[in-house]
Amino acid sequence: MSKTLGAPNQNVITFLFDTKKMFINGEWVPSVSGKIYESLNPATGEVIAKIYEGDKEDVDLAVRAARAAYIGTWSATSPADRSKLLHKLADLLESHSEDFAYLETLDGGNSINLTRHGFVPGAVAHLRYYAGWATKLTGQTIPLTSGGNFHAYTQREPLGVCGQITPWNYPLLGTVWKLAAPLAAGNTVILKPSQQTSLTTLLLGELIQEAGFPNGVVNIVTGSGRSIGEAITSHPGIDKIGFTGSTEVGKGIMKKSADTLKKITLELGGKSPNIIFADADLDKAIQGAFMGMFTNQGQICVAGTRLYVEKQVFKQVTDRLVEMAQKMKVGNPLDPTTQMGPLISKEHLQTVKKYIEIARQEGATVLTGGNILQDDNLAGGNYLEPTILTDLEEYCTAVKEEIFGPVLCVMPFEHIEEVIERANLTEYGLAAGVWTQSLTTAHKVINALEAGTVWVNTYLKSDNGLPFGGFKQSGIGAEMGYQGIEAYTKTKSVLINLN
Ligand code: NAD
């Protein structure tokens with residue numbers, strides 16, 4: 001581990017010492033093939049861990065364990081006991097918060113402020129929220145319309161084994177979002193974290209073991225999407241896929257799941273519009289637009305990447321955004337004063353850089369940024385300047401495609417109908433923002449925007465109780481709230497003849 005990266009965390013150093021094994025049936029096991037891959041620190045390019053690389057055979061073992069645990073133990077564990085175990089896991093995670101924040105920052109390059117004050121406490125709160133739901137899933141008594149002396153009711157039952165596949169951008173939170181609701185509802189789970197950021201999920205596995213979840217209730221398999229991801233998607237022993245990731249991979253998962261008619265929840269990509277009207281509180285709107293774009297290096301599915309600004313305040317808003325971008329501290333994510341860390345990988349850095357070059361070729365002006373940062377203290381890391389583009393048309397690649405990096409497209413508009421039409425000119429429909437002091441304007445835009453979440457005079461705020469999901473090609477189904485747990489249950493109708 002590099003000596004340049006802040007104060008070392010001894011627990012994490014100890015954790016990273018051995019080659020990380022997979023967690024199957026309550027045990028830590030190497031992959032059947034014995035293959036290993038390396039996890040890199042995006043801030044330095046250094047290897048921080050070696051991890052066993054799973055394959056079809058490992059998925060098969062995990063499915064067997066999860067199915068046996070579902071039939072033999074977990075579906076028969078009372079909701080109150082499931083709730084207790086989830087609370088215990090939340091308590092353990094809270095007591096190890098600093099280790100998780102440090103490891104997440106080391107592995108994913110997310111700034112320590114974000115992991116410490118956002119992602120880790122967010123994961124704890126999410127576990128507690130769904131721990132509460134375990135005892136509150138109910139059915140209904142149904143008055144029959146067809147007559148007869150019957151007692152008719154419904155009950156909610158778990159689906160069985162869930163294959164949960166997550167991306168790299170906030171790995172711990174992403175994993176916990178895929179874990180708490182299915183477990184609370186009585187399902188067993190196979191977690192497949194991104195190959196680029198598997199470490200906090202594996203560390204969570206240690207706490208799952210310590211909390212006392214029965215063997216096989218939670219399994220963790222590590223490796224590439226092509227091998228274990230596809231093995232999960234096509235495995236006949238898996239009943240549901242919960243996937244968060246790109247729209248392209250999501251479409252493939254939907255096709256593959258069709259063969260065994262799995263239930264699916266897909267949380268996919270986005271290209272969210274954020275609209276500032278001239279009557280908005282501009283200080284708040286500019287802060288919100290900046291934070292909604294550059295948080296986590298722009299590697300957030302709901303990032304407000306298409307900023308539409310009403311013409312009369314366009315210059316004022318862009319000038320301020322440029323000034324803020326130029327003052328932003330980019331650097332070592334373990335330094336609490338850092339505002340923006342590195343991108344996840346060298347490949348991703350090059351992809352994002354290429355989008356900026358294409359934008360230039362298509363006529364865009366780069367108002368600020370656009371360069372890879374390579375000073376001495378950033379050497380080896382995947383750092384890019386926060387970038388703001390303008391002079392863009394709706395057909396430009398940077399406006400249409402998800403870049404998933406710190407690249408903001410700012411465009412002027414003249415009237416409300418025009419901006420609504422342009423905001424909806426996308427295949428995505430994840431989220432949107434509106435900044436105005438007029439309730440009439442806000443309501444008109446809320447109702448017209450094709451997006452699963454619309455923020456008014458705020459951005460990025462989420463809540464465990466509020467469903468989150470995408471419209472159009474941004475997804476199917478929702479996480480959070482009642483919808484988030486309902487998606488891990490099925491309804492059984494019962495008719496009892498009382499004669
Ligand atoms: P990705 O689609 O490349 O990978 C996501 C996960 O799927 C990884 O674990 C990967 O190994 C696995 N995978 C890859 N190919 C697979 C296959 N053929 N079969 C099964 N699994 C496969 O996405 P990423 O680059 O890790 O993450 C960035 C994407 O995630 C962005 O598009 C972003 O918008 C999206 N995302 C969406 C949300 C949301 O809630 N809507 C949240 C976070 C990220």
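Computation of the quantities below employed the complete heavy-atom set of this structure, encompassing side-chain atoms and omitting hydrogens, waters and symmetry-equivalent molecules.
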S.K.: For F290, which residues count as a ring pair (Phe, Tyr, Trp, His ring centres under 6.0 Å) partner, sequence neighbours excluded?
M.R.: F294
S.K.: If you count every heavy atom of other residues, nucleotides or ligands that lies below 6.0 Å from Q483 atom CD, does the total exceed 12?
M.R.: yes
S.K.: Enumerate, atom names and distances included, each donor-acceptor pair closer than 3.5 Å involving a side-chain atom of residues 451-459, sequence neighbours excluded.
M.R.:
residue : atom : partner : partner atom : Å
W455    : NE1  : K461    : O            : 2.7
N457    : OD1  : T436    : N            : 3.0
N457    : ND2  : T436    : O            : 2.9
Y459    : OH   : V302    : O            : 2.7
Y459    : OH   : G304    : N            : 3.3

S.K.: Could you work out, with ring pair (Phe, Tyr, Trp, His ring centres under 6.0 Å) as the rule, every residue matching Y170, not counting sequence neighbours?
M.R.: F119, W177
S.K.: Who passes salt bridge (charged side-chain N to carboxylate O under 4.0 Å, His left out) against E53, sequence neighbours left out?
M.R.: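 Checked E53 against salt bridge (charged side-chain N to carboxylate O under 4.0 Å, His left out); zero matches.
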S.K.: Main chain of P158, side chain of K490: is a donor-acceptor contact present, judged purely on distance under 3.5 Å?
M.R.: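 Confirmed, K490 side chain pairs with P158 backbone.
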S.K.: Per the salt bridge (Lys or Arg N to Asp or Glu O under 4.0 Å) rule, what does the pair list look like for residues 13-38, sequence neighbours excluded?
M.R.: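 Qualifying pairs, neighbours excluded: K35-D55.
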S.K.: Start with the C-alpha distance between T175 and T201, add both sets of side-chain angles, then the distance that settles side chain to side chain donor-acceptor pair (under 3.5 Å), and finish with yes or no.
M.R.: CA-CA 7 Å; T175 286; T201 300; 2.8 Å; yes
S.K.: Considering residues at least two apart in sequence or located in another chain, which fulfil the side-chain contact (heavy atoms from CB on, under 4.5 Å) criterion with P42?
M.R.: P342, N382
S.K.: Looking only at the side chains, is there a donor atom on one of W168 and D107 sitting less than 3.5 Å from an acceptor on the other?
M.R.: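 There is no such pair between these side chains.
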S.K.: Name every donor-acceptor pair, under 3.5 Å, that has one atom in a side chain of residues 475-482 and the other anywhere in the protein, sequence neighbours excluded.
M.R.:
residue : atom : partner : partner atom : Å
E479    : OE2  : K178    : NZ           : 2.3
Y482    : OH   : R156    : NE           : 3.3

S.K.: Check whether the side chains of E402 and Y428 place a donor and an acceptor atom closer than 3.5 Å, and report yes or no.
M.R.: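 Per modelled atom types, E402 and Y428 side chains form no pair under 3.5 Å.
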S.K.: Taking only residues two or more places apart in sequence or in another chain, which ones pass side-chain hydrogen bond (donor to acceptor under 3.5 Å, both in side chains) with T105?
M.R.: T115
S.K.: Does E98 form a salt bridge (Lys or Arg N to Asp or Glu O under 4.0 Å) with R116? I'd like the steps, not just the answer.
M.R.: CA-CA 7 Å; E98 189 50 30; R116 201 176 263 160; 2.8 Å; yes
S.K.: Looking only at side-chain N and O atoms, does S198 offer a donor or acceptor that is under 3.5 Å from a partner on Y37?
M.R.: yes
S.K.: Please walk me through it: do K251 and Q473 pass side chain to side chain donor-acceptor pair (under 3.5 Å)?
M.R.: CA-CA 9 Å; K251 286 179 188 175; Q473 293 192 31; 2.8 Å; yes
S.K.: Give, for atom CG of N215 and atom CD1 of I24, the distance between the pair rounded to the nearest 0.5 Å.
M.R.: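 Spacing of CG (N215) from CD1 (I24) equals 12.5 Å.
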S.K.: Considering only residues two or more places apart or on different chains, which pairs with a residue in residues 193-208 satisfy salt bridge (Lys or Arg N to Asp or Glu O under 4.0 Å)?
M.R.: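 Applying salt bridge (Lys or Arg N to Asp or Glu O under 4.0 Å) to every pair that reaches into residues 193-208, excluding sequence neighbours, yields nothing.
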S.K.: Can you confirm whether more than 12 heavy atoms, excluding those of K284, are under 6.0 Å from its NZ atom?
M.R.: no
S.K.: Going by side-chain contact (heavy atoms from CB on, under 4.5 Å), name the residues that satisfy it together with E248, two or more places apart in sequence or in a different chain.
M.R.: S246
S.K.: Going by the rule ring pair (Phe, Tyr, Trp, His ring centres under 6.0 Å), which residues pair with F23 if we only count those two or more places apart in sequence or in a different chain?
M.R.: W28
S.K.: Look only at the side chain of T188 and the backbone of A66, and say whether a donor-acceptor pair between them is shorter than 3.5 Å.
M.R.: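 Between the backbone of A66 and the side chain of T188 there is a qualifying donor-acceptor contact (under 3.5 Å).
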S.K.: Residues in ring pair (Phe, Tyr, Trp, His ring centres under 6.0 Å) with F213, at least two apart?
M.R.: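 For F213, the residues satisfying ring pair (Phe, Tyr, Trp, His ring centres under 6.0 Å) (neighbours in sequence not counted) are W74.
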